[in-house]
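Side chains included, hydrogens not; waters and symmetry mates left out as well; all remaining heavy atoms used.
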Amino acid sequence: MSTDDPDDDTALLPRLRVIEEQPLDTRASAYSQLHDDLKGRLEGGDATSTNA
């Protein structure tokens, strides 16, 4: 999965819509998972760019 993949960018909005439709307690867990996923992508991008 590349950080430049346009499918990744367009997949975020539908994922957020699904999260918003969930009950509050489930929503909090889903946002936490989303945060972890995005953080991993950002940190992975930093590691890749500094090694190049």
Side chain to side chain donor-acceptor pair (under 3.5 Å) contacts touching residues 21-32 (sequence neighbours left out): E20-Y31

How long is the span from the [atom1] atom in [X] to the [atom2] atom in [Y], to the nearest 0.5 Å?
{"X": "D37", "Y": "R15", "atom1": "CG", "atom2": "CZ", "result": "4.5 Å"}
{"X": "L42", "Y": "K39", "atom1": "CG", "atom2": "NZ", "result": "10.0 Å"}
{"X": "R17", "Y": "L12", "atom1": "CZ", "atom2": "CG", "result": "9.5 Å"}

